[in-house]
Protein chains: 2
Amino acid sequence: MANIRDLAKMAGVSVTTVSRVLNHHPYVSEEKKKAVLEAIKATNYHKNINAVHLSKGKTKLIGVVLPFSDHPYFALLLKGIAKQALENNYKLVLFQTDYMESREMEALQMLEQKQIDALIICSRSCGLSIIKEHLQFGPIILCENMKGHQISSTFVNHYKIFFDALMYLYQKGHKTIGYCIGRKSGANSWNRDRAYRDFLKKYGLPYYPEYVFDQCFHFEDGEKVIDQIKKMDKPPSALLVTSDQVAAGIVICCQKHQIAIPGEIAIIGFDNEPISRMMNITTVEIPLVEMGENLFRQAVSGEISNHEISVKLIERGTV
Amino acid sequence: MANIRDLAKMAGVSVTTVSRVLNHHPYVSEEKKKAVLEAIKATNYHKNINAVHLSKGKTKLIGVVLPFSDHPYFALLLKGIAKQALENNYKLVLFQTDYMESREMEALQMLEQKQIDALIICSRSCGLSIIKEHLQFGPIILCENMKGHQISSTFVNHYKIFFDALMYLYQKGHKTIGYCIGRKSGANSWNRDRAYRDFLKKYGLPYYPEYVFDQCFHFEDGEKVIDQIKKMDKPPSALLVTSDQVAAGIVICCQKHQIAIPGEIAIIGFDNEPISRMMNITTVEIPLVEMGENLFRQAVSGEISNHEISVKLIERGTV
DNA sequence: TTGTAAGCGTTATCAA
DNA sequence: TTGATAACGCTTACAA
């Protein structure tokens, strides 16, 4: 396989000139340029990008950490990131963690080893101190409010969203409200639970642990939720569901079991995915693609910034 | 940032010895090893993996081309690939093409430039000749039958699956059968259409172009299908739907419009995703995760092989 | 406008 | 067991 030196020899020029042609630098005579181009054709030459990386100390590769890609929330975030990556001529390295810290560490390690220029962590499992230790190796962007931490982030105010949604339900007359969430730990989940408890406190309502359903990620998880609710003596009259997928699953399940929506139970989904429009589910719109695009921009900018994204309640038929 | 030479100096050994320690080679005295390890600690040393790549000519990176990651079919394929990648200490570089050939070319270019060791193409847009031209740069694995082409592949027999499913419907008394598909072009789509036409011919049934619904990718696309069917004078009595997502969307839509399933229209989905079990949809199970795992194995093996995966019809309530 | 030569940080070969 | 030293293939001062 030919390299830049072979080309130089063939074209009767120096390697520098070849490099200039390769990188579209000015100050190359048409004549020599032509000779180089011909040599490239003749040898079927292809740059060894690893040599470029080594020489430049950059890879044009951005790492993306997410628990799973087969969930619309993360898939849409990824879509936004990928869109910007394409426009800016970057490639993405994917780390599917299944929330395993060890896999997150692998991504951080790639940053250490300079295989990626920056790292976007869509959902964090490891401690903040570990993140901070790795900032010396390159930008790390998170999806939670990092103001005052010297870490970049794009985020929505989960506390406020949750609180507002609960208030909305309360105003509609709901006093026994539960919620469904993916994992219980994690910064965003913690904020939502805080909002939930503050809301209950504000109106002197009791906290029932069984009103909080975790491990709700996919459509089919809606089934578990309804199964549990059916067993309850005093089921909640409304549910905040942090994923439209799960909300849709719940709606389907309620149809199956003849549970009236919103009559017997009201539902608010999250994200405003197409499925929620189709099934007429009231939802909180989160512009995930836009968030993803912003995450990418922060990853390449190098400067630390914190960007809050605003959301919108979309009133449909399930409340 | 310290490099291997600095370590050598600090530890009072040669760079070779440092390299040996770094790579767990034998033939290093405990004493020197300790000295090197101490230098590593002291300097917070981290390997520059790009130098390794350049030196070795390999990156332990596998490229994965897919049209979109926010579709269960590809997400599950990706899951299988990612699983094996993790076990074998490879990382994945993702190429979301949206079926754009230009983006597929970028992936092939990365193979040329040695940034990835192999490429898995889950759904191909470019011509076969382009693939063949790039085989010289590394293994390329496809998801369609490539027997006799000197290209590795893992695939299911879409022709047979389609034909068998049509036969099954026919035996249940259906004579006017349509089908829903993602894109009309593409090798697998072509095989399915061939099966469809052969089936019609076998029983002397007419081909109605309006019975073929394309651009059916997501849940919400089921709506379009039903909208069109409702307008038909002579709607099909059964539908083969190449994605459980779309099948589920169709089922939901039929409920909304009071269309009886399977009474007025029978449905067979594809993939056996959780949603199909939950909604009791008859479906063709395709072991996508297993397929993904096999794709990865072929990518790293270097040998050319063609692996057909078998499928199973799961009878539920929509036929 | 062109070229020389010094990096970039490893690994691999070979001799000691 | 150890160490010089030559790759690996490109970019980039610097000099001309």
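Reckoned from all heavy atoms, side chains included, excluding hydrogens, waters and symmetry mates. Within every chain, numbering begins at 1; the chains are lettered A, B, ... in the order of the sequence lines, protein sequences first and strands thereafter.
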Short side-chain N/O contact to [N] OP1/OP2 from [X], under 4.0 Å:
X       : N      : result
A:Lys32 : C:dG3  : yes
B:Ser14 : D:dT2  : no
A:Tyr45 : D:dC10 : yes
A:Thr17 : C:dG3  : yes

In whole Å, what is the span from the [atom1] atom of [X] to the [atom2] atom of [N]?
X        : N      : atom1 : atom2 : answer
B:Glu112 : D:dG9  : CD    : P     : 16 Å
A:Asn3   : D:dG9  : CG    : P     : 5 Å
B:Leu54  : D:dA7  : CG    : P     : 14 Å
A:Leu7   : C:dT2  : CG    : P     : 16 Å
B:His53  : D:dC10 : NE2   : C1'   : 16 Å
A:Asn23  : D:dG9  : CG    : C1'   : 13 Å
A:Lys34  : C:dT2  : NZ    : C1'   : 19 Å
B:Lys47  : C:dC8  : NZ    : C1'   : 16 Å

Side-chain donor/acceptor pairs under 3.5 Å, residues 134-157 of chain B, sequence neighbours excluded:
{"residue": "B:His134", "atom": "ND1", "partner": "B:Ile130", "partner atom": "O", "Å": "2.8"}
{"residue": "B:His134", "atom": "NE2", "partner": "B:Glu112", "partner atom": "OE2", "Å": "2.7"}
{"residue": "B:Gln136", "atom": "NE2", "partner": "B:Glu133", "partner atom": "O", "Å": "3.0"}
{"residue": "B:Glu144", "atom": "OE1", "partner": "B:Arg124", "partner atom": "NH2", "Å": "2.8"}
{"residue": "B:Glu144", "atom": "OE2", "partner": "B:Arg124", "partner atom": "NE", "Å": "2.8"}
{"residue": "B:Glu144", "atom": "OE2", "partner": "B:Arg124", "partner atom": "NH2", "Å": "3.3"}
{"residue": "B:Asn145", "atom": "OD1", "partner": "B:Lys147", "partner atom": "N", "Å": "2.9"}
{"residue": "B:His149", "atom": "ND1", "partner": "B:Lys132", "partner atom": "NZ", "Å": "3.2"}
{"residue": "B:Ser152", "atom": "OG", "partner": "B:Glu303", "partner atom": "O", "Å": "3.3"}
{"residue": "B:Ser152", "atom": "OG", "partner": "B:Ser305", "partner atom": "N", "Å": "3.0"}
{"residue": "B:Ser153", "atom": "OG", "partner": "B:Glu144", "partner atom": "O", "Å": "3.3"}
{"residue": "B:Ser153", "atom": "OG", "partner": "B:Met146", "partner atom": "N", "Å": "3.3"}
{"residue": "B:Ser153", "atom": "OG", "partner": "B:Asn306", "partner atom": "ND2", "Å": "2.6"}
{"residue": "B:Thr154", "atom": "OG1", "partner": "B:Asn294", "partner atom": "ND2", "Å": "2.8"}
{"residue": "B:Thr154", "atom": "OG1", "partner": "B:Gln298", "partner atom": "OE1", "Å": "2.5"}
{"residue": "B:Asn157", "atom": "OD1", "partner": "B:Tyr159", "partner atom": "N", "Å": "3.2"}
{"residue": "B:Asn157", "atom": "OD1", "partner": "B:Lys160", "partner atom": "N", "Å": "2.9"}

As a test of reading the structure: which of [options] is closest to the side chain of [X], going by heavy atoms?
X       : options              : result
A:Ile4  : D:dC10, D:dT2, C:dT1 : D:dC10
A:Asn48 : C:dT2, D:dG9, C:dT10 : D:dG9
B:Val15 : D:dT5, C:dT10, D:dT2 : D:dT5

Any base atoms under 4.0 Å from A:Ser19, or only sugar-phosphate, or nothing? Heavy atoms, all strands. base
Just checking B:His25: base, sugar-phosphate only, or nothing, at a heavy-atom cut-off of under 4.0 Å? nothing
Whichever of A:Arg5 and A:Arg20 has the more 5' nearest nucleotide on DNA chain C, that residue is A:Arg20
Of A:Lys56 and B:Lys56, the one whose closest nucleotide on DNA chain C sits nearer the 5' end is A:Lys56
Applying side chain to side chain contact (heavy atoms under 4.5 Å, CB included) to B:Val15 and not counting sequence neighbours gives B:Ile4, B:Arg5, B:Ala8
* Can you find an N or O donor on one side and an acceptor on the other, under 3.5 Å apart, linking the side chain of B:Ser55 with the base of C:dG9? ->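 No such pair is found, so the answer is no.
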Requested in this report: Confirm from the modelled atom types if A:Thr16 and C:dT4 form a donor-acceptor pair under 3.5 Å, side chain to base only.
Outcome: yes
task: Would you tell me whether B:Ser19 and B:Thr16 have side-chain atoms, one donor and one acceptor, within less than 3.5 Å of each other?
output: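 There is no such pair (donor and acceptor under 3.5 Å, judged by atom type) between the side chains of B:Ser19 and B:Thr16.
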ask   = So do A:Lys184 and A:Ser189 actually touch side chain to side chain, heavy atoms under 4.5 Å?
value =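 Not touching, per the 4.5 Å side-chain cut-off.
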Test item: B:Arg183 and B:Pro67 side chains (from C-beta on) under 4.5 Å apart, heavy atoms: no
TODO: Count the heavy atoms of every other residue, nucleotide or ligand shown that sit under 6.0 Å from NZ of A:Lys114, and state whether that count exceeds 12.
DONE: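 No, not enclosed.
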